[in-house]
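Data block below; observations after.
The first residue in the sequence is number 1, and the count goes up from there.
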Amino acid sequence: MKIKVGDMVRVLSGDDRSKSGKVISVNHDKNKVLVEGVNLVYKHVKPSRRNPQGGRLHKEMPVPVCIVAIVCPKTGKPTKVGYRFLADGSKERFARKSGAALGASNPPKASRAKQKA
């Protein structure tokens with residue numbers, strides 16, 4: 001899965017279409033992500049020691065990864081994600097539309113490093 005915790009994403013379809021938020025958690029088994037401020041539901045809570053007032057609380061629920069896209073840091077628009085290898089052999093994620101770097105994904109490998117000729 002190309003979406004990581006901390007990425008800014010935009011929802012492409014559904015009730016929360018065009019909302020943006022930061023990824024809080026990623027569930028690889030179910031292919032879902034939890035995005036702050038997206039897919040809010042009410043959870044009815046009985047009064048308890050922890051919550052003496054009780055009532056209705058807002059809670060974010062996971063959304064399928066196929067309806068979110070990473071927001072390009074350069075253009076601010078949704079984009080696909082690609083991978084490329086840098087000269088030192090490290091693997092990096094990048095935005096396909098603008099080519100902007102999204103951060104390293106793996107540590108450098110000597111076998112992937114480009115040899116100077």
Heavy-atom pair with the smallest gap, counting every atom of Thr75 and Ser98: CG2-CB, 4.2 Å
Nearest non-hydrogen partners of Met61 and Val41, listed with the distance: CG-CG2, 3.5 Å
Donor-acceptor pair, side chain of Glu60 and main chain of Val38, under 3.5 angstrom: no
Spacing of His44 atom NE2 and Arg56 atom CZ [to the nearest 0.5 Å]: 5.0 Å
Non-hydrogen atoms of Asp16 and Leu40 that approach each other most closely: OD2-N, 4.4 Å
Residues Thr79, Val71; criterion side-chain contact (heavy atoms from CB on, under 4.5 Å); working and verdict: CA-CA 6 Å; Thr79 184; Val71 175; over 6 Å; no
Common cluster, Val81/Val33, ILVMFWY with side-chain heavy-atom separation under 4.5 Å: yes
Straight-line distance of Arg17 CZ to Arg10 CZ, nearest 0.5 Å: 13.0 Å
Distance-minimising heavy-atom pair for Lys97 and Pro78: NZ-O, 3.3 Å
Transitive ILVMFWY side-chain link Val5 to Leu34, under 4.5 Å: no
Nearest-0.5 Å distance, CD1 of residue Ile70 to CE of residue Met8: 11.0 Å
From Glu36 atom CD to Ser25 atom OG, the distance as rounded to the nearest 0.5 Å: 11.5 Å
Residues Ile67, Val11; criterion side-chain contact (heavy atoms from CB on, under 4.5 Å); working and verdict: CA-CA 6 Å; Ile67 68 165; Val11 180; 4.2 Å; yes
Residue pair Val68, Val63: steps toward the side-chain contact (heavy atoms from CB on, under 4.5 Å) verdict: CA-CA 8 Å; Val68 297; Val63 293; 4.0 Å; yes
Full working for salt bridge (Lys or Arg N to Asp or Glu O under 4.0 Å) between Glu92 and Arg84: CA-CA 5 Å; Glu92 176 186 58; Arg84 61 184 169 204; 2.9 Å; yes
Ala100 to Lys74 - nearest heavy-atom pair and separation: CB-CB, 4.1 Å
Asn31 (side chain) donor-acceptor with Val65 (main chain) under 3.5 angstrom: no
Pairs touching residues 89-110 that satisfy ring pair (Phe, Tyr, Trp, His ring centres under 6.0 Å), sequence neighbours left out: none
ring-ring contact (aromatic ring centres under 6.0 Å, His included) involving His58 - partner list, sequence neighbours excluded: Tyr42
Ionic contact status for Lys2 with Asp7, cut-off 4.0 Å: no
Shortest non-hydrogen contact between Leu12 and Ala69, atoms and distance: CD1-CB, 3.9 Å
Linked hydrophobic residues, Val45 as query - side chain contacts closer than 4.5 Å: Leu57
